[in-house]
Amino acid sequence: MWLIMTALAAVVTTVIWYVKAPEGKYKLGLLSLIFWGATLMWFVDHVMAYLTEGGEFFEINPDATLLGLSVIIFGLLVWLIVLLVSDPKGVLKRFLKR
Amino acid sequence: MACFLVPMGEAIVTTVMQKVVENREKKVGGKGTDNARLKWSHKLSWLNKLLWGGTVLLALEHVWHGEVVPWPPFLTAMENPADVAPMLHEIATFGVAMAITVTVVWAIIVIVAELKAKAMPEAKVKPISGGE
């Protein structure tokens, strides 16, 4: 389930990045690459596990859904920290100068 | 069990590579560079973001499943000698496959971006904001 949710997050963030392009102020490219990286890795993990161990390809249960949500929130949190540290609008700088 | 360690190792290497390439590009400046080509430091930053992003989110999944803990030896498989061999096998198969796949996808993105940049008239070429 977390693979599907991360892939969905990757697609949505890529669409938003494309709509906003070429402006890269809010580092949406970073956010989409974070989700794409995880999507690719989990896709390989799921395929290999399916080929070697068998069973269901997607794990669909409340625990897997909660993990998917946590992964998306964590990805957003990482992006937010990078965004606030780089402070492209200078909001934090101005706030701290007060 | 610990498959994300391989992409993490690759990410460390490519991050160092990006810094080295960035310094070289700064030293060289605009001299001898083709405007229609993307900078290597920029291309490597895409790979770093893919690898670090994947590593961080996979690490969370491993913590969720109790395979990684915040105390030594950090990997629960290390606590039981019988689990060490399967863990190393998983690192060698799943981990390497993940790292190769991400690198191949990145290489395809770079090739497509290079072809697009070359096809553009020189006046229109602007730094791509992707991945920033």
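Each chain gets a letter, A, B and so on, in the order its sequence line appears, and its residues count up from 1. Since the model is a prediction, treat every value here as computed from it, not as a measurement. These numbers come from the heavy atoms of this one structure, side chains and all, not from hydrogens, waters or symmetry mates.
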With chain B, which of T6(A), V44(A), T39(A) has the greatest number of heavy-atom pairs at distances under 4.5 Å? V44(A)
So, taking the atom named CG in L33(A) and the one named OG in S45(B), what distance separates them when rounded to the nearest 0.5 Å? 8.0 Å
Could you tell me if the side chain of M98(B) sits less than 4.5 Å from the side chain of W42(A), heavy atoms only? no
Enter the distance from L58(B):CG to W2(A):CH2 here, rounded to the nearest 0.5 Å. 10.0 Å
Determine whether V85(A) and L96(A) fall in the same hydrophobic cluster, where Ile, Leu, Val, Met, Phe, Trp and Tyr are linked whenever their side-chain heavy atoms lie under 4.5 Å apart. no
When hydrophobic residues are tied together by side-chain contacts of less than 4.5 Å, even through go-betweens, does V28(B) share a cluster with V20(B)? no
Student check: side-chain heavy atoms of F35(A) and L57(B) closer than 4.5 Å: yes
Ordered numerically, the heavy-atom neighbours of chain B under 4.5 Å found in residues 67-81 of chain A are L67(A), S70(A), V71(A), F74(A), G75(A), V78(A)
Hey, quick one: are I100(B) and V13(B) part of the same hydrophobic cluster, counting side-chain heavy atoms closer than 4.5 Å, chains of contacts allowed? yes
Is the OH atom of Y50(A) crowded by more than 12 outside heavy atoms at less than 6.0 Å? no
Where on V56(B) is there a heavy atom nearer than 4.5 Å to chain A: the side chain, the backbone, both, or neither? both
Most contact-rich option vs chain A, by heavy-atom pairs under 4.5 angstrom, among P7(B), C3(B), G53(B), is G53(B)
Are D63(A) and W64(B) close enough, and set up right, to give a side chain to side chain contact (heavy atoms under 4.5 Å, CB included), and what steps lead you there? CA-CA 10 Å; D63(A) 184 65; W64(B) 186 279; 3.4 Å; yes
Tell me whether I12(B) shares a hydrophobic cluster with L47(B), the cluster being built from Ile, Leu, Val, Met, Phe, Trp, Tyr side chains joined at under 4.5 Å. yes
Answer yes or no: does atom NE2 of H65(B) have more than 12 heavy-atom neighbours from other residues, nucleotides or ligands under 6.0 Å? yes
Between OG1 on residue T93(B) and CG on residue D45(A), distance to nearest 0.5 Å: 9.5 Å
Report yes if the side chains of M41(A) and F4(B) come closer than 4.5 Å at any heavy-atom pair, otherwise no. no
Which one, T52(A), V47(A), L66(A), leads in non-hydrogen pairs under 4.5 Å with chain B? L66(A)
Hey, could you give me the CG/OG1 distance between L40(A) and T103(B), rounded to the nearest 0.5 Å? 10.0 Å
